[in-house]
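Order of listing sets the numbers, starting from 1, for every ligand and every atom in it. All of these numbers come straight from a predicted model, not from anything done at the bench.
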Amino acid sequence: MSMEAGLPVERLTRSAPAVPVGIVHLGLGAFFRAHGAVYIEEAMSASGGDWGILGVSLQSSTMRDQLAPQGGTYMALELGPEGETLRHVQSVQDVLVARENPSAVLEAMADPGVRIVSLTVTEKGYCHEPSTGRLNMAHPDIVQDLASDLPVSAPGFLVRALALRKARGLAPFTVLTCDNLPNNGQVVRGVVLDLARAVDPTLAAWIEAEGKFPSTMVDRIVPATKPEDVARMEALIGAQDAAPVFHEPFRQWVVEDDFVGGARPDLGAVGVQLVRDVTEYEHMKLRMLNGTHSALAYLGYLSGHETIADCMADPVLDSFVQRLWSQEIIPALTPPEGVALADYAKALHARYANPAIRHRTWQIAMDGSQKLPQRILGTLETNLAKGRPCPGLMLAVAAWMIYVRGTDLAGQPIEVKDPLAPALRAAATSPDPVGALLSMRSVFPQRLAETLEAPLRKAYAALLEHGARPTMQAAA
Ligand code: CS2
């Protein structure tokens, strides 16, 4: 209960009846709560089914502490240019913290009623090498997971829970990854099989034969919830919600329809596109949306812009991003059937400009070493192979190289969040930053590093000499 002007404010509580759990979700962040959890709730309303969600936070107890007193429920506020829509989301039934009680999480995943384990654990949560997509056996969490039955990593939980199901004669669950990785189903299948082989080859063979890992493309812009958002929600609903989410109206979910025994919520009834192959959708979204998001994050941050909407209100960045789409990204893509990429770019432009969405450049700039390969380097590779220069994307990579030094162009400190932050900083502050960063093989494959070197050196020098905005202006 919180007190404002002497009046007690009640805590938000569950109003809908509990639903039996059919999905365990690993990584209960704002994105899943504003995307998958809403679709699944709508699918249950449309067609029924026991698809209640048990949320799992792998490390921190914050989300559990915030949601448990609210019966797992929370408010979602859709922020459209023309108005707002409020929703009380009640599909999450309970929350566990894996670090506190890994056995309870494994038991939940091995429950016969659970047919899907979905994930939003961010790119780094797969413990893979971003440049190759293979499990990094030297990752400290994987080393630990090989040594103990009680896992710490997402691949570790998947493998140990699948082992329990196999031992109990149950079918495996479908692993439904919802992270922004290309061929995300293949990536998670690969890391699970690599780890399972090291644990027990017969388990690996069973997973290979029986397991399902559909790839998905997920999309909705959901900035991290800020303290002022919590206060705003309290004013709006007259009750206290410790963990509301704020999101744009747009949403898209494209899912390969390949589930164990065909068991899934009726996602098709609520607008999810169920397809045979998601690859072209994933490339389009990762390169057109996430690629320009990352470009705007680094170049926008270095231009002094706090949010993506601020970037779009700056004519220099606005024309820069439009040029990126039309000249550098679209020419390197194959559109999904029936999709016009120029229209997709136009829609992205409108979404970015939505002033109600305060999506920080600093937030998107996080974990660049895990994001650049699939968001930007793939497009560069395709273009360079065809002899097409990419001045805009070069500037984006060069801006990242400056950003990870930990000081902006005016010498102000930057708080760089990245699993490789210390190594990035060492390389970026060495006498030859471009060369040292390009030699990081977990980000840049050798051949690509060689082709990128000369144009990147030029872009890097231009940013240092002229600053971000003038350099973008000159590149347009
Ligand atoms: C963003 C994504 O933070 C980021 O890196 O690019 O979270 C982006 O907002 C979503 O993928 C949109 O669907």
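- Met312 has its side chain out of reach of Leu317: every pair of non-hydrogen atoms, C-beta onward, lies at least 4.5 Å apart.
- From the protein, the heavy atom lying nearest to atom 13 (O) of ligand 1 is Asp219 OD1, 2.6 Å.
- Comment: Glu328 does not engage Arg388 in a salt bridge, judged by the lack of any side-chain N to carboxylate O separation of less than 4.0 angstrom.
- At a 3.5 angstrom cut-off on N or O pairs, Gln363 does not count as close to ligand 1.
- Using a cut-off of 4.0 Å between Lys/Arg side-chain N and Asp/Glu carboxylate O, Arg87 and Glu42 are scored as salt-bridged.
- Panel note: side chain Gln93, backbone Gly52; no donor-acceptor pair is recorded below 3.5 Å.
- Between His25 and the options Phe157, Phe32, Trp51, a ring pair (Phe, Tyr, Trp, His ring centres under 6.0 Å) holds for only Phe32.
- The nearest heavy-atom contact from the protein to atom 2 (C) of ligand 1 is Asn290 ND2, 3.6 Å.
- Scanning all protein heavy atoms for the shortest distance to atom 6 (O) of ligand 1 gives His293 ND1, 2.8 Å.
- The ligand atoms of ligand 1 that sit less than 4.0 angstrom from a heavy atom of His359 are 9 (O).
- Residue Trp253 is tested with Tyr39, Tyr281, Phe31 for a ring pair (Phe, Tyr, Trp, His ring centres under 6.0 Å); the sole match is Tyr39.
- By the 30° and 60° cut-offs, the orientation of the rings of Tyr301 relative to Tyr403 is perpendicular.
- The distance from ligand 1 to the heavy atoms of Lys285 drops below 4.0 Å at these ligand atoms: 10 (C), 11 (O), 12 (C), 13 (O).
- Under 4.0 Å from ligand 1, not a single heavy atom of His35 appears.
- Protein heavy atom closest to atom 7 (O) of ligand 1, with residue, atom name and distance, is Asn180 ND2, 4.4 Å.
- Of all the heavy atoms of Met366, none lies under 4.0 Å from any atom of ligand 1, so neither backbone nor side chain is involved.
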